[in-house]
Amino acid sequence: MPNRSGGSFRVFPAILAIPLLFYGCFTCALADGVGRPSPEAVLDARYELVLDLVRHTATYSPPVASRAFAYFGVIGYEATASGRTDMASLVGQLRDLKRLPKREAGAAYDEAAVLDAALSSATRRFFDNTGPTGQRAMKAMDAKFTPTVVAELPAEVAERSQAYGKALTAAVSDWADGDGRNEIPNMGFPLEYKLKDGAEHWRPTSTIAQQQAPLLPDWGNTRTFAMPEGATCDLPAPQLFSTEKTSTFYKEAQEVDDTVAHLTSEQKEIARFWSDDPMLSTTPAGHWIQIAFQLSDKLGLSIDKRVDLLARLGVTTADAFIACWQTKYEYETVRPLTYVRANIDPKFTPLLITPPFPEYPSGHSTQSGAAAAVLTRFFGNKFAYEDSSHIRDGLPPRKFSNFWAAAEEAATSRFYGGIHFRTAIERGLDQGRCVGGYANALKTRN
Amino acid sequence: MRRLAILTLALVFSAHASAAEDPPPPHFAEIAAASGIRASYDGDWQYMVGGGVAAFDCAHDGRPSVLIAGGESKARFFRNVSKSGGAPQFQLQTSGLELEAMVGAYPIDIDGDGEVDLVVLRVGEIDLMRGVGNCRFENANAAWGFESQDAWWTAFSATWEKSEKWPTLAFGSYVDRTKDQPWGTCTQNLLYRPARENGEPQRRFAAPLSLSPSFCPLSMLFTDWNRSGAPSLRIANDREYYEGGQEQMWRLSPGETPHLYTEAEGWKYLRIWGMGIASYDLGGSGYPDYFVTSMADQKLLRVDRPGGGAPANPSFSDIGYGKGVAVAKPYAGGDPRPGTGWHAQFEDVTNSGLVDLFVAKGNVASMKDFAAKDPNNLLMQRADGTFVEMGDKAGIVSFEQARGAALADFNLSGAVDILVVNRNAPAQLWSNDTPNLGHWIELQALQDGYNRNAIGGWIELRVGDRVQRRELTIGGGHAGGQLTWVHFGLGSASQADVRVIWPDGTVDDWRPVECDAFYRLRKGEAPARWVAN
């Protein structure tokens, strides 16, 4: 797994079903000399770098990160499925994905080499804009890790496998070009934006110059993956705006104010555990990807199951952000920070930094609902687990009785954090459940 | 003679200045080549940060010479041979400071012998370079019991703790440069205090203390944020590399283990790409504000004083946006992407009596999400306390990748010049040729024996009922500092009163000084006029 808890890296023989890959030392493979990495180890190593790059690339706000995880999921899946007769391609199942290259009939391929080449070129494709340290890390991994993957392979097998992996990524990249989201100018903040009139609508919540316009207002029109379109899982209108003390809107705001004023240590811990801030974490989508890796390792899942899970999870969290953003900009609802300070408590200070975009629905709720739907279908509805995603950031693991319990906690964390009203988190989960259904409907087995 | 006639700028100096009126722009001419400055901060990944410049008088002639870090190239020392009031002139000279892998340097008189020493930050080790006279230096690590450790050194500050005759040095280090994926590998910051034997202070350093947790600082500054008499260590950390990190401030009490201020004590959670620190009492409150450079929005942090009295907690609010100094994007060159700030420094470049702000800008390398054309900022203060960009009008627009800088009066003309170190490109020196400058005064506070430059003290200048003040510090900026005259603009005023609040808390009487002159200030003595030779 991409174990972000520190330690040294090892590459184990391909026969091991559970790779033990640790952060930051993929070069140790050279010293260990214990054999070629398995496809599972390749998946781990490559995703480890991707998770770091998401955290350290400025344009990778949560929606943008989810898009990358979707394409990486598809690439990893197709790299594996293309070599097996028991797995079905996603061609024709994902929007506008009409064709992908096929392998040469009867020719020998090495699965680890195909996967490594595909994910390596995908990393360079999607993180071309990362900073000097990311560029250096990509270069080092290709220089030091890839040779261990192809070591001892017949030259023609290595070349054929790598060529196929690269061709596959090139084809997925062409498909990705069609969604119009390759370039994210100004980190996603429009240079000009006309705010909607009326106190019910979003207003900037910080004095950060860049964030005087909201993040990615057009993201709801992004091409979806498994979900038919951005509005497929649209939600009813938010609570009717009112400053009357008897109104539901006021009461929900009062509830946020009261809750934030009396947070328990447990509630603070929950808010921070799921904060998943851009450029300080792997983002909400990356958090669920980390959970998937932790569980895949714990259960010793084989590569076919791992890539199946990562594809569905990547696709659904991306669709969830599109659905959520479509609804957010349909209503452009005011944040608690603005409303509470204006109408209830001028000194109201949320625990979490209020994100620079409209309130309704809660993005973390929508995508956590979608992720829970996928993970529940995959592992079952009674799967208890421990989430240790944030150990390196000093946050202790949290235990959950099942995925919906985790998703509900993730959603509620935004309420504790003082950045969402109750309706936004409850309906966000509903929206996520709807979105997740489409990823669950993908056919991956023949 | 450049002087006078910026008469309507400063609030207290003119009753006619409107609240938001823009000040007349300054003007500079780029003269690096003509002045003899030929230097560049070179290198790849390990030199993406740093590029500092130290400005200091090592010839006892009042003129600030400069040491410019070279990264992969050797550092270069340029002796200042300017004629007073003439064009800035420098001579490349062998000094003993021609070290490789230099990230930055700060001047400081460690041993109190009256010869300026240099603290040199390098990729690999720290060098304490003792001044031996006539702008020559030698390594004194062994002589001063200084145990350098292997790291990527990127930040420094110094103070003299209460009753100590030997300085306390704080060093910040960056990531573990041996890692291919160095995120989350911030190495240890270290604090070197004076050594003691049998309770007796020694003229050398004790083994260092670890300032843990460490979060990849690019600047640090000992500063007395609450005027307690015991400076704290403010650290600007680069969020690109830490995990679980944030901005930091350590409280130092003599003889006690450093204490990291916590949220429970009022410290606010702030996570930025902290790269440089500049401080100045902009509000006239007696408490310094801190300008912290970053990527996109820059921060101007003012201590919270709900009742208007002394700050109760180390709680700071960002007032940068309202003051016009957030400067997230380039103002020239047409690049709409966010900028990247490095060295910052407050100086009054028109002698208006209102301090201005310079920010060195430049892409980290070739980061596509950030501006490639990212000109340095010159933010001129208006009478209402807001700032307006005038880098373009001032003639200092440059699209090089700036890093360190030093704003100083290199030719003893009374006007502040700007020296900027660029990454993989020649350094630039902008000579201040603003017409009709206001009056000025330049001051040095000096002590005998130890802490000769009165670090930790304050110089205050009063015109009418308005006081400008400057904390005397070593540290901050980006990878470099100045130990030279403290410059104040006077606007149209021809006289002022000055006093020093000395590091031991002694407050001198106000004493009159004439404009357009240099003075040396000693405890309990009348200001001594200094005339350039």
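The sequence lines fix the lettering, A, B, ..., with proteins before strands; numbering per chain opens at 1.
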Any A:Arg136 side-chain heavy atom under 4.5 Å of B:Pro182 side chain: yes
Interatomic spacing from CG in B:Asp369 to OH in A:Tyr60 - rounded to 0.5 Å: 9.0 Å
Main-chain N/O of A:Ala209 paired with B:Asp297 side-chain donor or acceptor, under 3.5 Å: yes
Region of B:Glu263 that comes under 4.5 Å of a non-hydrogen atom in chain A: side chain
B:Lys368 NZ to A:Thr59 OG1 distance, which is reported to the nearest 0.5 Å: 11.0 Å
Residue pair B:Arg239 / A:Pro278: nearest heavy atoms and the distance that separates them: NH2-O, 3.3 Å
Sidechain N-carboxylate O distance under 4.0 Å for A:Asp277, B:Arg271: yes
Sub-4.5 Å side-chain heavy-atom contact between B:Tyr321 and A:Gln212: yes
Flag side-chain contact, heavy atom, 4.5 Å: B:Gln181 against A:Leu49: yes
Exercise: identify the closest heavy-atom pair between B:Gly244 and A:Asp393: N-OD1, 2.6 Å
Contact check, side chains of B:Pro338 and A:Asn186, non-hydrogen atoms, under 4.5 Å: yes
Proximal component of B:Tyr269, with respect to chain A [non-hydrogen, under 4.5 Å]: neither
Under 4.5 Å from any heavy atom of chain B - which part of A:Leu395: neither
Selection from B:Met295, B:Met48, B:Arg337, B:Lys329 maximising heavy-atom pairs under 4.5 Å formed with chain A: B:Lys329
Non-hydrogen atoms of B:Tyr242 and A:Arg55 that approach each other most closely: O-NH2, 3.4 Å
Value rounded to 0.5 Å, distance of NZ in B:Lys299 from CD1 in A:Ile208: 4.0 Å
Any donor-acceptor N or O pair under 3.5 Å, side chains A:Thr133, B:Trp183: no
Nearest-0.5 Å distance that lies between atom CD1 in B:Ile272 and atom CE in A:Met279: 12.5 Å
